[in-house]
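None of these values were measured; they are calculated from a predicted model.
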Amino acid sequence: MINFLNSEMNRFTYKEWNAYFTCDDSRRPVIDFSEEKGLSEKEIIRIAPSIQAFQTGESSDGKHLLKVAGDFADRIGQADYRDAMQRFVKEENRHAGYLRKFMDYYQIKVGKRSYLDHIFRRLRRLGGIRCEVMVLVTAEMIALTYYDALANNTDSFALKSICRQMLRDEIPHVMFQSYTLSHFKRGKTDRIVRILLMETALFFVWLSFHQVYQAGGYGIVRYMKENLGYLRQSLILTESNSKNS
Ligand SMILES: [Fe+2]
Ligand SMILES: [Fe+2]
């Protein structure tokens, strides 16, 4: 499990987050397929459904998210948050692009919206920015274990480099969203809601993609432990930032 509690990025303001997302090209890898030795049919059958699901999840236009982020930015008088969010959505779309390249190379069709994606989108639109970010960060924390497991599923050099990049980007995303959540007054139920949300999502993701996790070295115990460990870190960041603000 990756520990991001001590990262200096946890002290970033929205101005700094905005600068971070205005990233240089060195952070954007060119996915190299020249070393590919091919995947077996068995490997493709195992990994394709989850890659399709995550690819559609990463490809959202973020319309509702950007609308509520803009409202929130106005409310707190931080235009940098609006700009950072716009760049954040672009980064997520780049993630969808990496996966799409891999799918095209191995002739994996683009997936339809999965029921998981529907659930996540519906939940995110239930409320304003707080609800959006709470659901979003849950998906991003699960992505940390998913891309780690996926990287270990095959010998594909391209897939490993995509997963490495996803992890490199998703960890700051979790820190960024945790910081935003610290702007809201926390009731006693907040922690419980986030735990319930995570546990429900973990149940459905395991149900759908446990083969990928298992082939990637994750049994159910490790899967639960690491995901809940990421949630614990996010809660610590949110709560410690709240105290300082
Ligand atoms: Fe992403
Ligand atoms: Fe993300």
S.K.: Minimum heavy-atom separation for A215 to N153, with atom names?
M.R.: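 Looking at all heavy atoms of both residues, the closest pair is CB-OD1, 3.3 Å.
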
S.K.: If I compare all heavy atoms of V212 with all of S50, which pair ends up nearest, and what's the gap?
M.R.: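 In terms of heavy atoms, the two residues are closest at CG2-OG, 3.6 Å.
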
S.K.: How long is the span from the CE atom in M85 to the CG atom in L65, to the nearest 0.5 Å?
M.R.: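 Nearest 0.5 Å value for the CE-CG distance: 4.5 Å.
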
S.K.: Measuring only between side-chain heavy atoms, which start at C-beta, is W206 closer than 4.5 Å to Y213?
M.R.: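 Heavy-atom side-chain distance check passes, below 4.5 Å.
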
S.K.: Compare all side-chain heavy atoms of R75 with those of I129 and state whether any distance is below 4.5 angstrom.
M.R.: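 Yes. Closest side-chain heavy atoms under 4.5 Å.
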
S.K.: Can you see which heavy atom on L5 is nearest to which on N3, and at what distance?
M.R.: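 In terms of heavy atoms, the two residues are closest at N-OD1, 2.9 Å.
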
S.K.: When you measure from the side chain of N10 to the backbone N and O of M175, does any donor-acceptor pair fall under 3.5 Å?
M.R.: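 Between the backbone of M175 and the side chain of N10 there is no qualifying donor-acceptor contact (under 3.5 Å).
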
S.K.: Could you check T145 against Y223 for side chain to side chain donor-acceptor pair (under 3.5 Å), going step by step and ending with a plain yes or no?
M.R.: CA-CA 7 Å; T145 53; Y223 171 77; over 6 Å; no

S.K.: What is the distance from atom CD of Q165 to atom NE2 of H95, rounded to the nearest 0.5 Å?
M.R.: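 Answer for the CD-NE2 pair, Q165 versus H95, is 6.0 Å.
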
S.K.: Any salt bridge linking E8 with R11? Criterion: basic side-chain nitrogen under 4.0 Å from a carboxylate oxygen.
M.R.: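 So E8 does not pair with R11 through a salt bridge.
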
S.K.: Could you tell me whether the side chain of T138 reaches within less than 4.5 Å of the side chain of M134, counting heavy atoms only?
M.R.: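 In short, these two side chains do not touch, never coming nearer than 4.5 Å.
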
S.K.: Look at the side chain of S234 and the backbone N and O of L231, then say whether any donor-acceptor pair between them is shorter than 3.5 Å.
M.R.: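 No; judged by distance alone, with no hydrogens or angles, the pair does not exist.
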
S.K.: Quick test of your reading of the model: are E239 and R191 salt-bridged, counting only N-O distances below 4.0 Å?
M.R.: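 Here E239 pairs with R191 in a salt bridge, since their nearest N and O are under 4.0 Å apart.
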
S.K.: Please determine which of D74, D71, N18 meets the side-chain hydrogen bond (donor to acceptor under 3.5 Å, both in side chains) test together with R82.
M.R.: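 Among the candidates, only D74 passes.
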
S.K.: Can you establish whether the number of heavy atoms outside K101 located under 6.0 Å from its atom NZ is more than 12?
M.R.: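 Result for NZ/K101: open.
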
S.K.: Are H183 and Y14, when compared by the centres of their aromatic rings, separated by less than 6.0 Å?
M.R.: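 Yes - the distance between ring centres of H183 and Y14 falls below the 6.0 Å cut-off.
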
S.K.: Group every Ile, Leu, Val, Met, Phe, Trp and Tyr by side-chain heavy-atom contacts under 4.5 Å, then state whether V135 and I192 land in the same group.
M.R.: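 Not linked; separate clusters.
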
S.K.: In Å and rounded to the nearest 0.5 Å, what is the CD to CZ distance from E92 to R87?
M.R.: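 These two atoms lie 15.5 Å from each other.
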
S.K.: More than 12 non-hydrogen atoms from neighbouring residues, nucleotides or ligands closer than 6.0 Å to CZ on R100, yes or no?
M.R.: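 No, because the 6.0 Å sphere around CZ of R100 holds 12 heavy atoms or fewer from other groups.
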
S.K.: Between T56 (side chain only) and A53 (backbone N and O only), is there a donor and an acceptor less than 3.5 Å apart?
M.R.: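 A pair under 3.5 Å: yes.
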
S.K.: Check whether the ring centres of F102 and Y106 lie less than 6.0 Å apart, and answer yes or no.
M.R.: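 Between F102 and Y106, the centre distance is under 6.0 Å.
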
S.K.: Whether the side chain of Q52 engages the backbone of K112 through a donor-acceptor N/O pair (distance < 3.5 Å, no angle test) should be reported.
M.R.: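 Side chain of Q52 to backbone of K112: no pair is present.
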
S.K.: Please test E16 against T13 for side chain to side chain donor-acceptor pair (under 3.5 Å), starting from the C-alpha separation and ending with a verdict.
M.R.: CA-CA 5 Å; E16 287 165 305; T13 60; 3.2 Å; yes

S.K.: Please verify the inter-ring angle class for F21 with H173; under 30° counts as parallel, over 60° as perpendicular, anything in between as tilted.
M.R.: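 Because their plane-to-plane angle lies in the 30° to 60° range, the rings of F21 and H173 count as tilted.
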
S.K.: Could you grab the distance from atom CD of Q233 to atom CG of L144, nearest 0.5 Å is fine?
M.R.: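 Reported value, rounded in 0.5 Å steps: 9.0 Å.
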
S.K.: Less than 4.0 Å between a side-chain N and a carboxylate O, is that true for R222 and D148?
M.R.: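 Yes, charged N to carboxylate O under 4.0 Å.
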
S.K.: Within a strict 4.5 Å, meaning less than it, do heavy atoms of the R28 and Y98 side chains meet?
M.R.: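 Of all side-chain heavy-atom pairs linking Y98 with R28, at least one is under 4.5 Å.
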
S.K.: Quick one, W17 and P172 - any side-chain contact, counting heavy atoms below 4.5 Å?
M.R.: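 Yes, side chains in contact.
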
S.K.: Give me the atom names and distance for the closest heavy-atom approach of G216 to N152.
M.R.: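 That closest heavy-atom pairing would be O-ND2, 3.5 Å.
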
S.K.: Considering non-hydrogen atoms only, spot the tightest contact between Y218 and E226 and give its length.
M.R.: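 That would be OH-OE1, 3.2 Å.
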
S.K.: Following the transitive rule for hydrophobic clusters with a side-chain heavy-atom cut-off under 4.5 Å over Ile, Leu, Val, Met, Phe, Trp and Tyr, establish whether V205 and I220 coincide in one cluster.
M.R.: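 Hydrophobic grouping puts V205 with I220.
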
S.K.: Nearest heavy-atom pair of M1 and G229: which atoms, and what distance?
M.R.: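 The pair with the smallest heavy-atom distance is SD-CA, 3.7 Å.
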
S.K.: CD/E58 to CD/E140 distance, rounded to the nearest 0.5 angstrom?
M.R.: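 Here the rounded value is 8.0 Å.
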
S.K.: Is the distance between the ring centroids of F54 and Y147 under 6.0 Å?
M.R.: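 So the answer is yes for these two rings.
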
S.K.: Is any side-chain heavy atom of F88 closer than 4.5 Å to a side-chain heavy atom of Q177?
M.R.: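 Touching, per the 4.5 Å side-chain cut-off.
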
S.K.: So how far is it from R164 CZ to L159 CG, rounded to the nearest 0.5 Å?
M.R.: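 That separation rounds to 10.5 Å.
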
S.K.: Please check: side-chain N/O of Q55 versus main-chain N/O of A96, any donor-acceptor pairing under 3.5 Å?
M.R.: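 Judged by distance alone, yes, a pair lies under 3.5 Å.
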
S.K.: Can you check whether S156 reaches L39 side chain to side chain, under 4.5 Å on heavy atoms?
M.R.: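 A side-chain contact under 4.5 Å exists here.
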
S.K.: When hydrophobic residues are tied together by side-chain contacts of less than 4.5 Å, even through go-betweens, does F209 share a cluster with I45?
M.R.: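 Per the 4.5 Å side-chain linkage, F209 and I45 are not co-clustered.
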
S.K.: Between S178 (side chain only) and T238 (backbone N and O only), is there a donor and an acceptor less than 3.5 Å apart?
M.R.: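 Not a single qualifying donor-acceptor pair exists.
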
S.K.: Kindly indicate, with the supporting measurements, whether the criterion salt bridge (Lys or Arg N to Asp or Glu O under 4.0 Å) is fulfilled by R194 and D190.
M.R.: CA-CA 6 Å; R194 289 194 65 190; D190 274 40; over 6 Å; no

S.K.: Between the main-chain N or O of M198 and the side-chain N or O of N227, is there a donor-acceptor pair closer than 3.5 Å?
M.R.: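 Not at all, since once roles are kept as given, no pair shorter than 3.5 Å links the two residues.
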
S.K.: With the side chain counted from C-beta on, respond yes when V133 and F176 share a heavy-atom pair under 4.5 Å apart, and no when they do not.
M.R.: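 They are not in contact (no side-chain heavy atoms under 4.5 Å apart), so the answer is no.
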
S.K.: Report the C-alpha separation of Y105 and F33 in whole Å, then their side-chain angles, then the decisive distance to 0.1 Å, and conclude whether the ring pair (Phe, Tyr, Trp, His ring centres under 6.0 Å) test is met.
M.R.: CA-CA 8 Å; Y105 187 85; F33 287 91; 4.6 Å; yes

S.K.: For F72 and Y81, I'd like to know if the aromatic rings sit close, meaning centre-to-centre distance below 6.0 Å.
M.R.: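 Yes, close enough.
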
S.K.: Treating E36 as the side-chain partner and F157 as the backbone partner, does any N or O pair qualify as donor plus acceptor under 3.5 Å?
M.R.: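 Yes.
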
S.K.: According to the ring pair (Phe, Tyr, Trp, His ring centres under 6.0 Å) rule, which pairs have a member within residues 125-144, sequence neighbours left out?
M.R.: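 Passing the test, one end in residues 125-144: no pairs.
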
S.K.: Would you say D155 has more than 12 foreign heavy atoms packed within less than 6.0 Å of its CG?
M.R.: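 Atom CG in D155 is not crowded, with 12 or fewer foreign heavy atoms closer than 6.0 Å.
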
